[in-house]
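Here's the structure we're looking at; comments come further down.
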Amino acid sequence: MLARLALPAHVVRHSAANAFADMRAIYTWRTWTFGWLGRMLAQVTFFVLLGRVVAGPEHATYLVIGNALMTCVIESLTVVASTTWERTAGTLALLAAAPAGPTWVFLGRSLQWPVSGTGTSLVALFLLGPFFGVTWRPEHIPVAALLVVLTAAGTYCFGLFLAALVLNAGRLRNVVPGVTALLMMAFCGVQVPIGYWPSWIGRIADIVPLTHLLHALRALTEDASSGYVFARAALGLLVGVFWLVMAHLAFESLLHRGRRRGTVDFDP
Amino acid sequence: MRLFVTAARFQLRHLAGSPAAVQVCVTAPLLTVVFLSISDYAGRTDLSPYAVVAPTLMSLWLLALHAAGELITEERDLGTLEGLIAAPARLGTVVMGRMCAVTAIGVVSFAESWLAAGLVFGRWLAFPHPLVVVACLLATVWAAAGTASILSPLFVLMPSARVIQNTLSYPFYLLGGVLVPVTFLPGWVQPVSRAVFLSWSADLLRDGLDPAPVTDAVARLAVILALGSAGCAIGLMLLRRVLNRVRRLGTLAQA
């Protein structure tokens with residue numbers, strides 16, 4: 001079993017090296033900290049201020065938790081855009097021909113986003129949150145951090161599935177993650193409880209990892225039992241794995257179709 | 001003026017169906033839904049105009065930033081930047097014509113946000129001061145294009161300035177009070193906010209949707225136009241300096 005996993009892990013590791021090289025080309029630690037992080041913290045503050053104005057400090061606390069976790073979702077969804085870079089770089093045909101599974105390559109290829117997103121969310125939750133009334137008990141901090149990691153990872157898997165769909169529609173590479181993030185922001189319990197919306201929207205939101213993991217994070221801050229927090233987190237993780245499997249099927253099908261039709265290099 | 005209009009028309013044709021325009025047109029109504037859900041959940045139905053004004057201004061600024069970033073980059077990628085600069089037409093007029101055209105598409109988001117508020121939440125906002133709203137939107141298009149033009153020279157010097165393009169969205173929305181009026185920001189921030197055209201545009205647009213009489217509308221419009229013109233003057237001066245420099249060094253086409 002371990003031997004069977006060794007090869008994919010090797011592919012993911014090498015692919016991730018490319019991902020972090022891309023990250024270093026885009027950001028220095030200064031531009032990440034004062035540029036990107038500052039922008040994301042401003043976004044959290046933007047929504048929290050609205051909550052403060054319309055509903056007072058209590059809803060502001062609700063908003064800061066939702067929007068702080070949302071930052072890692074937004075970053076993780078960048079995988080949709082960065083996966084299409086392979087086509088632009090002309091390397092998609094090589095990936096299609098290589099014996100390494102495309103899913104493992106793409107899984108590692110954009111890992112910089114969930115890592116960076118996790119950092120952003122942690123800063124937003126633990127440094128910005130207290131300014132808006134969020135308090136953390138010391139024993140909750142590692143659990144909250146783990147929930148952030150799971151949210152970034154689960155969203156990344158969901159993003160990989162979307163990336164497989166968008167690979168053949170490169171012009172939408174920035175539109176799809178932007179719209180998806182806004183839909184999640186609206187309907188997954190980030191700004192208002194899911195119960196505010198009609199029940200059918202809640203049922204759709206259940207297939208998004210963020211819904212369950214954010215629920216677990218809120219339950220943690222409200223001192224719910226650890227069993228309940230664990231159950232919601234496990235559900236979120238399970239949904240993330242489901243999207244990874246879907247992404248695998250979508251990548252395999254896309255490249256298989258491309259090889260048969262000779263269209264791997266073309267954006268139809 | 002003819003050159004300005006020709007540049008704007010060219011840009012509109014070039015932009016039709018572009019991902020940036022599509023993105024803004026799709027996200028504006030969704031932002032309205034997000035903002036209205038927060039205020040509706042809190043029982044503050046009186047704040048509906050906020051949810052229409054904010055996505056409109058956000059779209060205008062986002063498109064202006066996009067235009068400032070892509071204009072030079074695209075010309076450079078196509079290998080037409082040298083030709084554009086060597087042509088006798090004034091580059092500043094061409095740049096502003098094209099930037100205003102891109103930014104003007106953001107006005108569509110006002111109609112979309114208004115429709116989203118009506119269709120999803122049943123909040124059909126009235127237009128008690130239509131002239132003020134239209135004039136404010138037009139002045140804001142100019143101000144957004146003028147202010148964002150300050151960034152254009154940066155893209156000639158360093159293509160990595162895209163990071164700056166990504167960074168200047170939410171901090172600017174916050175500072176400009178597009179959603180929550182500047183008066184709710186800390187006192188020390190407010191003077192800075194008043195130097196940002198968005199704060200004047202947001203206040204005037206919100207007042208334009210409020211049944212109460214709008215005070216000093218002409219003066220406030222003049223401030224928006226003046227801030228935009230100041231940005232435009234700075235942007236074009238910087239662009240001229242940067243272009244002179246890269247022409248002297250022979251690095252114009254280098255990305």
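Residue numbers start from 1 in every chain, and the chains themselves are labelled A, B, ... in the order their sequence lines are given, proteins ahead of strands. When reading the values below, keep in mind they use all heavy atoms of this one structure, side chains included, and skip hydrogens, waters and symmetry mates. On a predicted model such as this, the values are computed, not experimentally measured, just so you know.
Ranking A:Gly35, A:Gly51, A:Ala186 against chain B, the residue ahead of the rest is A:Gly35, based on heavy-atom pairs under 4.5 Å. Per-residue counts of heavy-atom pairs under 4.5 Å with chain B were compared for A:Asn174, A:Val53, A:Val179; the largest is that of A:Val53. Among B:Asp40, B:Leu168, B:Asp46, the residue making the largest number of heavy-atom pairs under 4.5 Å with chain A is B:Asp40. The most heavy-atom pairs under 4.5 Å with chain B, out of A:Gln191, A:Met40, A:Gln43, come from A:Gln43. Between chain B and the residues A:Thr31, A:Leu63, A:Val54, A:Leu182, the most heavy-atom pairs under 4.5 angstrom are made by A:Val54. In terms of non-hydrogen atom pairs under 4.5 Å with chain A, the most contact-rich of B:Leu179, B:Val24, B:Leu31 is B:Leu179.
Interface remark: A:Phe46 contributes backbone and side-chain atoms alike to the contact with chain B (heavy atom separation under 4.5 Å). Heavy atoms closer than 4.5 Å to chain B are found in the side chain of A:Trp197, but not in its backbone. Neither the backbone nor the side chain of A:Leu41 comes within less than 4.5 Å of any heavy atom in chain B. B:Leu47 touches chain A through its side chain: at least one heavy atom from C-beta onward sits under 4.5 Å away, while N, CA, C and O do not. Contacts of B:Leu185 with chain A are made by side-chain atoms alone, with heavy-atom separations under 4.5 Å and no backbone atom involved. B:Tyr50 does not touch chain A: none of its heavy atoms, backbone or side chain, sits under 4.5 Å away.
When side chains are defined from C-beta on, B:Val178 does not count as touching B:Val53, because their heavy atoms never get closer than 4.5 Å.
A salt bridge does not link A:Arg203 to A:Asp206: none of the charged side-chain nitrogens sits closer than 4.0 Å to a carboxylate oxygen.
A:Phe161 has its ring centre no less than 6.0 Å from the ring centre of A:Phe158.
Ring geometry for B:Tyr170 against A:Phe47 counts as tilted: the plane angle lies between 30° and 60°, on a 0 to 90° scale. The aromatic rings of A:His59 and A:Tyr62 sit parallel to each other, their planes meeting at less than 30°, with 60° as the upper class boundary.
A pairwise comparison of heavy atoms in B:Ala101 and B:Gln11 identifies CB-CB, 3.9 Å as the closest pair. Between B:Ala51 and B:Thr32, the shortest heavy-atom distance links the atoms O-OG1, 3.3 Å.
The neighbour count for B:Phe121 CZ, taken as heavy atoms of other residues, nucleotides or ligands under 6.0 Å away, is above 12.
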